[in-house]
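Working notes, structure below.
Residue numbers begin at 1 in each chain, while the letters A, B, ... track the order of the sequences.
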Amino acid sequence: MSDLKRRLTGVVSAAFATCGLPPELGRVTVSDRPDLADFQCNGALAAAKAARANPRALAEQVVAQLVDDPHFSRVEIAGPGFINLTLNLDVLTERARQLAQDERCGAEVLAQPRRVVVDYGGPNVAKPMHVGHLRASIIGESIKRLFRFRGDQVWGDAHFGDWGFQMGLLILAVGDEQPQSPFMQDTDGPFPDESPVSLADLERLYPMAASRAKTDPDYRDRARRATAELQNGRKGYRALWKHFVDVSRMALEREFNALDIRFDLWNGESDADPLIPEMVSELDARGLLVADQGARIIRVARDGDKRELPPLLVVSSEGSAMYGTTDLATILDRRRKIDPDLVLYVVDQRQADHFEQVFRAAVMAEYAPQGSLEHIGFGTMNGADGKPFKTREGGVLKLHDLIEMARDKARARLHEAGLGAELSPAEFEETAHRVAVAALKFADLGNFRGTSYVFDLDRFMSFEGKTGPYLLYQSVRIKSLLRKGAEQGVTAAEITVAEPAERELALALDAFETALAEAYAKRAPNIIAEHAYRLAQTFSKFYAACPILVAEPVSLRPSRLAFATATLAQMETTLRLLGIETPDRM
RNA sequence: GCGUCCGUAGCUCAACCGGAUAGAGCACUCGCCUUCUAAGCGAGCGGUUGCAGGUUCGAGUCCUGCCGGACGCGCCA
C-alpha cells in the first residue's frame, strides 16, 4: 500500500516522461498552499531551467496529460509554473479506508532492510547518569525504534563505559577502605559472590578517587598500576570489577527503564579490549601505524582537507589503549559478531572530530566500508542562560533528580487541573510518570537534534501548545470517546470523506509515511514529532467541527468513529517511535 | 590562529533538491462550553531571515566578505 504522495509522483512522473522530460522531475509534494490544492509538483520549473525553456509552457504540456487522470478533480498551473493537484474525493476516501484497515497505520516497509547498530546512551560504571545522557538516550532510542519500525534489523547497544583508568581508581579506592577484602588478595580465588560495595559506595568513592588522582601523583600512579593489573587479568581485581559492573548496570537499567529505554546489547569497552593486541599488530602489519613522540598513531589527514585532522592515537606513550583504540576495536568486534551494514553513533556533536578520525582509520584498516559508520551528533541541553545545563549550585544535575523534578511538576499540574481525581493512587502515579516522560522527550525530540535547546521545565510541562502533555491529552480524549462509543454500541465502519475537516484529517493521516521516510533519511526524530503534533491538531479541529457519537444523521457516526480509531492508532504508533507511551485516562 | 556549527516574530523553535504569501507554539487581543475531556477550537497582532555583496527567472536555503555566539583542535572520554 502506497501513500498518496508516492502514488501521485508515479502518475506525474509518467506524464513528464510522455512529454519527453526527465521523469524524476515529476516529484510530488504536499502543497505549500493548502488553500489552492492538496499536492503540487515543481518539476516544470527545474525542467525549464535545464532546457532553457518557458516553464509555464512545459507545465501546460504536463498538465494536458493529467487533466483526465482519475486521481484528480482539478489540475492547475499557478505562478511561474507550479502544477497544483487537487485530489478526487473518491481517491482520498479510498486511501482513508486503507489507512483505517492497516496495522502499520499507513507506514511502508523497507524494500531492502539493513543490519544496523545504534550506539547510544553511553552510561558509565560508577558514574550516575546526568542530563548529558538524556539527549543521547532519548534521541538514540527514537532512532532505534524508527529504523526497526521501517524494517531494518537493529541492535541498540548501550556501549557501556566499563574499562580503563576509572576502573583502576575504583579498585584502589575500595582497597584503601577495605584492605583486608579478599578481592585485594593476589590469589586465584575463589572470591565472594556478594559485592563488597553498594551503588552508594561507588557513587561516593568514584568522585573522591577521581579528584584525588588529579592532585596526588602517587595516587594516580597506583591507580594506573591497578588499571594495568586489572587489564592483565589479576583474578581478584577482575572479580571485583565484575561486581562494579553488575551493581552499576542494575542501577542504570532502572534509570533507563523509567524512560522506556531498552538496549539489546550492553557491550562495553571491556568487550573490545581482548581484540586490541591483535588489532595493533594487524594495523602495524598493514603499515598504518606510525611511531610519533613516543606514541603509535594512524595518520588520517587527507589532501584536500580544509585543515589538518590530528592523527588517531592508537597506543599512548605509556603503552595503553586510548578511547579511539577502543572505538576502533569495537568496530572490528561488531564486524565479526554482527557484520552491520550501518552503525549509528548517537553522541554529542562535540565529538565530531574524534569520530571522523576513528571512521577514517576504520576504513583505512578495512574494518568497515566507506559510509557505513555515521556520527549522529546532537547539541547540548542548555540552561536559561544559554550555557550547558547546571543545577543552581553549579553542579551537574543527575538524571534521576531531573526525572523526579518532572514527575513532581506533572503531579502538581494534574492536581491544578483537577484531573485524575477519580484515578487510584497507583494509576495517578503512572499517569504522572507518563506525563513527565512525554514532556521531557517531546521537548527534546521536537527540536532538530543538531541544535542545542533551552531546558525550561515549566514550558515543557505545559498542557497547552506544542508539548508532550498536549499530545497525551489528545490521545486520551480519543480513548475516552472510543470507550463511550463502545458503551453506546456505535461501531466503526467504512470511512467516507465529506467535510473539510475530514478531508484535512485524511490527508494528515496519509502524511505519516512521508514523515517517517524523511525522518529516516535524515536520522531526525523531530520530523516524527512534527507529524505527531500536526496529527493531534488536525484531529482536534475535526473533533470540534464534526460531532462523532452525537452526529446527525446517525449514519455519519460509524465513519467518524473510524476516523477517531485510525487517528488514535497512528498517534500511538507515532508517539511510540518517539519513545512516548500514552496513559488510558488523565 | 585554524576548523565545524549556529544567527529566522518579544520568547522557544520549524521550513521537504533553490520555488508561490517564511510557518508553529508561548505571550498579547477578541470570539466559542444546557453535544462526545474547553488541558480544546476559531480569528487577530507580530518578520528587511545578523550585515554587505554575488549567482539565479526566483535565495532563510548556494558562493564571498564582515559582525556576533557556541564548540573542537595528540596521549581524558
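Judged as a salt bridge (charged side-chain N to carboxylate O under 4.0 Å, His left out), and not counting sequence neighbours, A:Arg220 has no contacts. With sequence neighbours excluded, the residues that form a ring pair (Phe, Tyr, Trp, His ring centres under 6.0 Å) with A:Tyr533 are A:Tyr470. Remark: A:Lys522 pairs with A:Glu518 by the salt bridge (charged side-chain N to carboxylate O under 4.0 Å, His left out) rule, at least two apart or across chains. Annotation: ring pair (Phe, Tyr, Trp, His ring centres under 6.0 Å) contacts of A:His433 (sequence neighbours excluded): none. With sequence neighbours excluded, the residues forming a ring pair (Phe, Tyr, Trp, His ring centres under 6.0 Å) with A:Phe160 are A:Trp266, listed by chain and number. Taking the ring pair (Phe, Tyr, Trp, His ring centres under 6.0 Å) definition, one finds that A:Phe539 meets it with A:Phe542, sequence neighbours left out. Taking the side-chain hydrogen bond (donor to acceptor under 3.5 Å, both in side chains) definition, one finds that A:Arg449 meets it with nothing, sequence neighbours left out.
Separation of the P atoms belonging to B:U29 and B:C67 is 43 Å when rounded to the nearest angstrom.
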Dot-bracket for RNA chain B, please, read 5' to 3', with Watson-Crick or G-U wobble pairs under 3.5 Å on both distances, ( ) within the strand, [ ] crossing, | other strand, . unpaired. (((((((..((((.....[...)))).(((((.......))))).....(((((..]....))))))))))))....
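A:Thr451 has no side-chain polar atom (N or O) that falls below the 4.0 Å cut-off from OP1 or OP2 of B:C6. Applying the 4.0 Å criterion to OP1 and OP2 of B:U37, one finds that A:Lys479 has every side-chain N and O outside that range. Within the structure, every side-chain polar atom (N or O) of A:Tyr453 is placed at least 4.0 Å from both OP1 and OP2 of B:C6. For A:Arg299 and B:G74, the shortest distance from a side-chain N or O to OP1 or OP2 is not below 4.0 Å.
B:C5 atom C1' lies 12 Å from atom CG of A:Asp348, rounded to whole Å.
Counting distance only, with no hydrogens placed and no angle test, the side-chain atoms of A:Gln40 and the base atoms of B:A20 include a donor-acceptor pair under 3.5 Å. You'll find a donor-acceptor pair under 3.5 Å spanning the side chain of A:Lys49 and the base of B:G58, going by distance alone.
Residue A:Ala78 is in base contact, counting any heavy-atom pair closer than 4.0 Å across all strands shown. Contact annotation for A:Asn447: backbone-only contact, meaning every heavy-atom pair under 4.0 Å involves sugar-phosphate atoms and none involves a base. In this structure, A:Cys546 reaches the bases: a heavy-atom distance under 4.0 Å links it to at least one base atom across the strands shown. Across all strands, A:Asp292 comes closer than 4.0 Å to base atoms (heavy-atom distances). Residue A:Arg27 is in base contact, counting any heavy-atom pair closer than 4.0 Å across all strands shown.
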Tabulated below should be each protein N or O lying under 3.5 Å from an N or O of nucleotides 68-72 of chain B; please produce it.
from  : atom 1 : to       : atom 2 : distance (Å)
B:G72 : O2'    : A:Asp353 : OD2    : 3.1

Pull out every protein N or O sitting under 3.5 Å from an N or O of nucleotides 26-35 of chain B, one pair per line with the distance.
none

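Listed by first then second residue, pairs satisfying salt bridge (charged side-chain N to carboxylate O under 4.0 Å, His left out) with a partner in residues 49-59 of chain A number zero, not counting sequence neighbours. Applying the salt bridge (charged side-chain N to carboxylate O under 4.0 Å, His left out) test to pairs two or more places apart or on separate chains, none has a residue in residues 77-86 of chain A.
Nearest to the side chain of A:Arg477, among B:A20, B:G25, B:U37, sits B:U37. Closest to the side chain of A:Tyr543, out of B:A20, B:C57, B:A38, is B:A38.
Ring-base stacking between A:Phe448 and B:A14 is not satisfied when judged by a centre separation under 5.5 Å and a plane angle under 30°.
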